[in-house]
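Letters A, B, ... mirror the listed sequences (proteins, then strands); counts begin at 1.
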Number of protein chains: 2
Amino acid sequence: MPSSKLRGPIEHDTRTNTARSPAPVPDCDPVLRLMWVKGNTYRAAVADALGLSKSVVSETVQSLIRAGLVAEVGLGESSGGRRPVILNFQYGARCVLGVDVGATHVAVALTDLRGRVMEWRELSHPVRTDPVGTRRLILRLCDDCLAEWRGGFERLIGIGIAVPSPVDPAHPDWLSEAVIPDWQGRSDLERLHRRYGVPVFIDNDANLGALAEKSWGGGVDADNFLFVKLGRGIGAGVVIGGEVYRGANGVAGEIGHVPIDPNGQRCTCGLRGCLGTVVGSAALALRVRALLGEYADSALADQALSALAIAQAAAKGDALGIRVVHETAEVLAAGLSGYVHLMNPEMIIIGGGLARAGEALLGPMREAVRRSALVRSVSPVTCIVSQLGRQAVAVGAATLGLLKWLSTVSRTHNPTMTKP
Amino acid sequence: MPSSKLRGPIEHDTRTNTARSPAPVPDCDPVLRLMWVKGNTYRAAVADALGLSKSVVSETVQSLIRAGLVAEVGLGESSGGRRPVILNFQYGARCVLGVDVGATHVAVALTDLRGRVMEWRELSHPVRTDPVGTRRLILRLCDDCLAEWRGGFERLIGIGIAVPSPVDPAHPDWLSEAVIPDWQGRSDLERLHRRYGVPVFIDNDANLGALAEKSWGGGVDADNFLFVKLGRGIGAGVVIGGEVYRGANGVAGEIGHVPIDPNGQRCTCGLRGCLGTVVGSAALALRVRALLGEYADSALADQALSALAIAQAAAKGDALGIRVVHETAEVLAAGLSGYVHLMNPEMIIIGGGLARAGEALLGPMREAVRRSALVRSVSPVTCIVSQLGRQAVAVGAATLGLLKWLSTVSRTHNPTMTKP
DNA sequence: AAGACTTTGTTCGGTTACAGAACAAAGTAC
DNA sequence: GTACTTTGTTCTGTAACCGAACAAAGTCTT
């Protein structure tokens, strides 16, 4: 029976933009989507949930079974009549590659159709200064992953690439020369396409981290949130209405240049006191060194001061680490306050190396956000740490390829469906 | 011939979020939408533009003609063959009421299907303290408008109401007691529904101002912008992807509590230095009085210091007015900088009384916004003033009712279509 | 001026996606 | 054992759409 929603005479424009989608929602056949989300069900339940007739569901499921994406795996419990045939989504039927090209490292994740990382390769590499070697390394890591996974080559459906640079939607294979000059604007990643014969998609790393969290992490139930990547550089991915939002020119999420202190240090952009000059890993390292005198016994005394190292020190209770992380949380919360008031997001997810600080970062941040949102009784912005951790960006890249593929799968005409 | 877009092997997730919709886009029959947007065309052009077959367009147009929404008005020029039958959208076939309930005034606009104001009533009234009288006044002004317009009562298709308070999507007829305590949370506006027998919709005033600008004003070609209402209070309507965005809890656009100065004046919310404490009309009046000594010959010397009055003084070249408006622009731009970097909007539209200052406000604001967005070569945020002026909110309210009605009109089953 | 071609608009099958009924299969409840 | 339920398949009907055929009304060329 369809749940007939009663509506009073006075109506509102639209309902709130919260949680309309209970999971990652690719634009594809509704039956496929539901089965992909739920994992296992049976035909009658699908028909009921989607309001479709049993005939349509029956036929669609047939086609999905033929494609190897769904399998009948036995009978369920009776609820007073014939026992249902349990259908199981075959998440392992295909795989996707996600490549995370950072400033100083390359990581590759091979995931199944559920975004689970089946193979993982990660190496430090001077990406900025060595385009040729980086490209070779990417191919090697991809080959490694595919070789390791049974049938990897044949089952591959797509590749996603995350780059530490804004991506121009009109020319996705160009890179911003401002960020990594030695690449001279050319990613030349289409050789991946030539090598593996599958579609290749490129996007910014923060956007893909946000996509990963929306799809498989802490943002699964949220449709409006911010993913903040605090690492060597800082960036943000904006999720609006369940989708990654890119803004008018494709450069939304430029959190690094949100102004904090008009009297602050000069930023590479020419302004003073950008958020990036305060919470970037270089700034954090400086701050740690400046304070080392006060904290003689700090574990940070003689370390390479990456965001990760500082975060780990804080997580272990190091007083200096905690202090610096605490300061960072305050600044970050202040910088995001305007965004929170204007966009009323459900949550803020922190990723990147500094996220490893965990509660040492989240505690003060929650406190600061709560303080700045007193009036609005309705602003319980949840602050959490990335659930996917260091793999977030690579998994997001893979998810990009995955979602694109799902949206091409159709019951009737059937592009990649019959590959293996 | 369909324009076959060529795509290279490397692809991007989504194109930029810019200008996908060239006009207000209700969720309705595509033929109806196109004809409504274009005003006059002919059948072949519609079929061509929408990629539909001539048969479908022909039948749909038939039905629209029967409903009185479209009329054949003669023949167009031949382009080498049979002359086309020109079709004209009958914008006057129906009307909508938009009610702007402010803190100290009530305004009612009766618009046609193009959002043009055919009748307009506006009165000052102590809305905050007199709920009963306000309700009576609203009914009177609505009656007036309908009586004045030929066939107003019969052609009415809906009513939109703008209230100076956040609107809870779950209970649109409740008002926030925090904003107007004397109304005790009850709008009781459903009597409008009972009286006129048409659907009534309620939303926040800034949201509806944004909707008006998106539909008929400076935002027609923009899909991502901010409408900032600078009047007695300040508020903002956020447009994302061509639609008014309400956030996770329906309170997006709370620009009044964006933090500006941690050492500033205490706000009603308990915090210090909220934007509202600096650019609200009360704060502006204080600032003017404080500076009056330096500007003895100012036209603002003995006036009621509303935002409108200050704006008009500035527009006329009054030095004090210009100074205060200039300061306001600086503060506003600073407060919006974070939003601009994170959301990469196309434009910012200023409405409310202070918008009357025109270039005196926009000049410094453009300059400040430009300064804060140096890096992103791709951030040409356009700053303009509301094209609909004082009528923006009421027109937005009417537009809300209009769009809701359009979305119910269907070629086949046909709810309100056959009313008159 | 006559025929050839163009463009507009209507009408009439044919296709597709879906809903709904009929039915078969397999269970529960009394 | 009979009556009722639930699941799943198959078949038929229907609504929305496309494309072809055609009629109407032009322009253009020779």
Side-chain angles (χ1 to χ4, degrees), chain A residues 1-4 27-35 38 40-66 70-89 407-415 417, chain B residues 1-2 27-35 38 40-66 70-89 407-415 417:
Chain A
M1 194 186 297
S3 71
S4 67
D27 166 35
C28 70
D29 185 291
V31 174
L32 170 61
R33 175 170 56 217
L34 186 70
M35 302 205 55
K38 306 219 48 145
N40 69 339
T41 24
Y42 55 99
R43 295 176 177 82
V46 172
D48 206 48
L50 297 177
L52 290 170
S53 65
K54 291 187 289 179
S55 39
V56 176
V57 174
S58 205
E59 282 172 27
T60 309
V61 167
Q62 278 300 330
S63 142
L64 291 174
I65 289 176
R66 270 196 304 276
V70 165
E72 300 186 334
V73 294
L75 298 178
E77 287 304 295
S78 164
S79 63
R82 171 176 169 176
R83 296 170 63 190
V85 177
I86 301 296
L87 303 168
N88 231 295
F89 200 95
S407 70
T408 67
V409 177
S410 157
R411 174 162 76 274
T412 41
H413 93 98
N414 207 324
M417 216 155 161
Chain B
M1 197 185 295
D27 165 35
C28 70
D29 186 292
V31 175
L32 170 61
R33 174 170 56 220
L34 186 70
M35 300 205 58
K38 306 217 54 145
N40 69 339
T41 24
Y42 56 98
R43 294 177 178 82
V46 172
D48 206 48
L50 297 176
L52 289 170
S53 64
K54 291 188 289 179
S55 37
V56 176
V57 174
S58 205
E59 283 173 24
T60 308
V61 167
Q62 277 301 329
S63 140
L64 291 174
I65 289 177
R66 269 196 304 275
V70 165
E72 299 187 332
V73 294
L75 298 178
E77 286 304 295
S78 163
S79 63
R82 172 174 166 177
R83 297 169 63 189
V85 177
I86 300 296
L87 303 167
N88 231 294
F89 200 94
S407 70
T408 68
V409 178
S410 157
R411 173 160 79 276
T412 43
H413 93 98
N414 207 324
M417 218 156 162

Checking dC17(D), dC18(C), dT8(C) against the side chain of S53(A) (C-beta onward), the nearest is dC18(C)
L52(B) has its side chain closest, among dG8(D), dG20(C), dC17(D), to dC17(D)
Ignoring hydrogens, what is the shortest heavy-atom contact between P84(A) and E77(A)? Give both atom names and the distance. CD-O, 3.4 Å
Less than 4.0 angstrom between a side-chain N/O of Q62(B) and OP1 or OP2 of dG9(C), yes or no? no
Contacts of G81(B) and L75(A) projected onto DNA chain C by closest heavy atom; the upstream (5') one is G81(B)
Could you give the CD-to-C1' distance, from E77(A) to dT28(C), as a whole number of Å? 12 Å
Please determine if a side-chain N or O atom of R83(A) lies less than 4.0 Å away from the OP1 or OP2 oxygen of dT5(D). no
Spacing of CD1 belonging to I86(A) relative to OH belonging to Y42(A), to within rounding of 0.5 Å: 7.5 Å
Does R83(A) use its side chain to pair, donor to acceptor, with the backbone of G76(A) at less than 3.5 Å? yes
Distance criterion of 3.5 Å, no angle test: do you see the side chain of S55(B) paired donor-to-acceptor with the base of dG19(D)? yes
To the nearest 0.5 Å, how far apart are CZ in R43(A) and CE in M35(A)? 8.0 Å
NA contact type, G76(A), heavy-atom cut-off 4.0 Å: base, sugar-phosphate, or nothing? nothing
Looking at Y42(A), does any N or O in its side chain come under 4.0 Å of the phosphate oxygens OP1/OP2 on dG8(D)? no
S79(A) side chain: which of dT6(D), dG8(D), dG9(C) is closest? dT6(D)
Using atom CG of D48(B) as one end and atom P of dT6(C) as the other, report the distance to the nearest whole Å. 16 Å
With respect to the phosphate group of dG26(D), does any side-chain polar atom (N or O) of S78(B) fall under 4.0 Å of OP1 or OP2? no
What is the nucleic acid contact for V57(B), judged by heavy atoms within less than 4.0 Å: base, sugar-phosphate only, or nothing? nothing
Ignoring hydrogens and angles, answer whether the base of dT7(D) and the side-chain atoms of R82(A) contain a donor-acceptor pair closer than 3.5 Å. yes
